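A quick write-up on the structure given underneath.
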Amino acid sequence: MFETAQIGHAVDKDTYEAEEPALRQALLEAQHQLREQARFPVLLLINGVEGAGKGETVKLLSEWMDPRLIRVESFDVLTDEEQAHPPAWRYWRKLPPKGRMGVFFGNWYSQMLQDRLHERIDDDDLEHAVDRALRMEKMLTDEGVLIFKFWFHLSKPQMQARLDSLKDDPLHSWRISPLDWQQSETYDSFVRHGEHVLRRSSRDHAPWYVIEGADERYRNLAVGRILLDGLQAALRGAPCEVAPPHSAPVAASLDGRNLLDTLDLSQRLSKGDYKQQLLEEQARLSQLMREKALRERAVLAVFEGHDAAGKGGAIRRVTAALDPRMYRTVPVSAPSEDERAQPWLWRFWRNVPERGNFTIFDRSWYGRVLVERVEGFCTPAEWLRAYDEINDFEEQLIEAGTVVVKFWLSIDPDEQLERFKAREDDPLKRFKITDEDWRNRERLGDYNLAVNDMVARTSTAIAPWTLVEANDKRFARVKILRTLNDALQAACDE
């Protein structure tokens, strides 16, 4: 794979000086067109052999283009905050918005290669890391991100010649880093693993470009042309026509029944039993959240449900047992302008709790397969794709040690109507009822079908849904607390 980047590519000075001004102008024009259209972001992943010109090339691109529209990020050293979150969190929070460019040094490929090189992971772990990267990149490109993956290469003799030319030069020896010397000793292994990763992870939607780095003029023109061609093609292109996907329910119901119909909504708790069981479960939650085992884990609870099903009341009973410093509630509504400029999961990734913390999502990423699906706020292709993206997201959280608990609160139409009317009659609760709630009620059948699909496709062994019979608020609150406590106890016992 690297043979064509070891043959001594070079560009003479006259050719470079003749081509550089036009290339620079075209890149600048494309960059400002990117900003004006604001249809998609651009992400450059920078990898390769030390000393092959990665930093110099990116520096030059920032000089050729408008640096205010380019954000360069380095992920070489994990911060304490990053170590306390799932691995992908550090990358998601730094993604460029639509109309902007981001450059990632020390990205997910750098991390997996260094881990394999130093035997912190084995070959199977490396394959898993590549698969994870492929899934992330596929989601990003499906959301419109234009990804360029550059591998800057030097042959072993070229790398050694560079080190020899600099080590005895007092004016330039500072350019040799400890990593340069380290890689000179591990070059063969690094390149072998690098070739494997590139072969496994080069895809039509995010291909690798291997750039020979020995001659800086060749290197600069090669990267500039690739970037320009890709940008211009993307800016010219209209949104792709996507073939209609298979959008039939995953579990088609011939008799009109669905999963929610199987719930026994008649279950009740007396006031006395409720008070006793509520206090018991709240005390249990308070104690569990102070367990040493949970200090090294994050806790995330998702609350979804029918309108007026009692999510807010249930959340308040959970938080009543906790010190306010121990938890955070994230209310989810329509995305903001900043959030719409990012891939749809971005706003949830940035709110993922760090180790030792508890985050409650009052509605969540499941909005994409519920309200966005039913109301037509996204295409069938987008919400169908979201099931896999959600499962992958939750798998990453759980692999990082997060305890994930998901609740769907269900009530029947008669109970919902009664609660709607009660809210309208109560001046202290009138703010809770909106015209949108009444519109959603008219499409209750569509929402129930979407819930049935959601549970069928995303209730996994590692992140199952708990369906809560919520016609009786007392019963629902105790069931939620008990389920949460059981999940926390299981995490402590692992």
Side-chain angles (χ1 to χ4, degrees), residues 78-90 92 111-112 115 119-129 131-132 135-136 277 280-304 314-315 317-319 321-323 325-330 348-349 351-361 364-366 388-408 455 457-468 477-494:
L78 276 167
T79 66
D80 291 341
E81 185 182 24
E82 290 169 342
Q83 288 178 328
H85 284 90
W89 178 82
R90 63 198 304 233
W92 273 93
Q111 188 65 56
M112 69 177 75
D115 286 345
E119 298 185 345
R120 293 188 287 265
I121 61 175
D122 59 21
D123 287 340
D124 289 340
D125 295 326
L126 181 61
E127 292 299 310
H128 180 67
D131 288 339
R132 177 73 70 211
R135 289 196 292 273
M136 179 174 183
Q277 293 182 34
E280 290 173 354
E281 295 299 337
Q282 286 178 327
R284 184 183 171 204
L285 175 60
S286 179
Q287 182 176 351
L288 282 167
M289 286 299 298
R290 289 176 169 83
E291 287 290 329
K292 183 178 180 180
L294 287 181
R295 295 176 195 166
E296 295 302 314
R297 307 189 70 160
V299 181
L300 189 154
V302 170
F303 284 81
E304 295 281 359
I315 290 170
R317 271 62 184 186
V318 170
T319 58
L322 304 174
D323 186 308
R325 293 168 293 183
M326 298 174 66
Y327 69 88
R328 184 166 69 101
T329 301
V330 178
F348 304 111
W349 264 109
N351 283 303
V352 164
E354 62 183 42
R355 286 198 301 267
N357 286 268
F358 180 17
T359 295
I360 298 168
F361 280 88
S364 68
W365 43 95
Y366 284 98
D388 286 339
E389 294 167 348
I390 287 169
N391 286 335
D392 185 59
F393 172 46
E394 292 175 354
E395 182 180 338
Q396 290 185 66
L397 297 181
I398 290 160
E399 284 184 351
T402 305
V403 181
V404 177
V405 190
K406 305 185 300 192
F407 298 105
W408 172 266
V455 174
R457 299 182 195 233
T458 63
S459 191
T460 61
I462 59 173
W465 276 100
T466 297
L467 303 181
V468 180
R477 292 165 182 171
V478 169
K479 180 173 180 176
I480 287 168
L481 276 161
R482 185 171 292 133
T483 302
L484 177 59
N485 286 333
D486 288 347
L488 295 178
Q489 185 64 63
C492 290
D493 294 341
E494 288 182 359

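Everything numeric in this text was worked out from a predicted model, so none of it was measured.
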Let me see the working for Gln282 and Arg477 under side chain to side chain contact (heavy atoms under 4.5 Å, CB included), right down to the final yes or no.
CA-CA 10 Å; Gln282 286 178 327; Arg477 292 165 182 171; over 6 Å; no

Between Gln396 and Asp392, do the side chains contain a donor N or O and an acceptor N or O under 3.5 Å apart?
yes

Quick test of your reading of the model: are Arg284 and Asp486 salt-bridged, counting only N-O distances below 4.0 Å?
yes

For the atom pair CZ (Arg355) and CG (Asp80), what is the distance rounded to the nearest 0.5 Å?
9.5 Å

State whether the side chain of Asn391 and the backbone N or O of Ala463 hold a donor-acceptor pair below 3.5 Å, judged by distance alone.
no

So do the side chains of Ile462 and Glu399 get within less than 4.5 Å of each other, counting heavy atoms only?
no

Aromatic plane relationship, Trp365 with Phe361 - under 30° parallel, 30 to 60° tilted, over 60° perpendicular:
perpendicular

Could you measure the distance from the CZ atom of Arg120 to the CE atom of Met112? Nearest 0.5 Å is fine.
13.0 Å

The test is side chain to side chain contact (heavy atoms under 4.5 Å, CB included); show your working for Leu322 and Leu285 and say whether it passes.
CA-CA 8 Å; Leu322 304 174; Leu285 175 60; 4.0 Å; yes

Smallest heavy-atom separation, Val468 atom then Ile480 atom, equals CG2-CG1, 3.9 Å

Closest non-hydrogen atoms of Thr329 and Thr319, given as atom of the first, atom of the second and distance, are OG1-CG2, 4.4 Å

Is Glu354 paired with Arg328 through a side-chain N to carboxylate O contact shorter than 4.0 Å?
no

Would you confirm whether Arg297, through its side chain, and Cys492, through its main-chain N or O, come within 3.5 Å as a donor-acceptor pair?
no

Heavy-atom pair of closest approach, residues Arg132 and Arg135
NH1-NH2, 2.9 Å

To the nearest 0.5 Å, what is the distance between CD (Glu394) and OG1 (Thr402)?
11.0 Å

State whether a side-chain donor-acceptor pair under 3.5 Å links Gln277 with Arg482.
yes

Nearest 0.5 Å, please: how far is CG in Leu397 from NE2 in His85?
10.5 Å

Which class fits the ring pair Phe303 and Phe407: parallel under 30°, tilted 30 to 60°, perpendicular over 60°?
tilted

Within 6.0 Å of CD in Glu291, more than 12 heavy atoms from elsewhere
yes

So which of Val330, Leu300, Ile360 actually passes side-chain contact (heavy atoms from CB on, under 4.5 Å) with Pro353?
Leu300

Please give me the minimum heavy-atom distance between Val299 and Leu488, naming the atom from each residue.
CG2-CD2, 3.7 Å

Do you know the tightest heavy-atom contact between Ser459 and Pro464?
OG-CA, 3.5 Å

Calculate, to the nearest 0.5 Å, the distance between atoms CG and CZ belonging to Leu294 and Phe358 respectively.
10.5 Å

Under a 3.5 Å distance rule, please check whether Ser364 uses its side chain to pair with a backbone N or O of Tyr366 as donor and acceptor.
yes

Is Asn485 reaching over with its side chain to a backbone N or O of Glu281, donor-acceptor style, under 3.5 angstrom?
yes

State the CZ-CD distance between Arg90 and Gln83, to the nearest 0.5 angstrom.
9.0 Å

Does the gap between the ring centers of Phe393 and Trp349 come in under 6.0 Å?
yes

Nearest heavy atoms of Thr458 and Lys406, plus distance in Å:
O-NZ, 2.9 Å

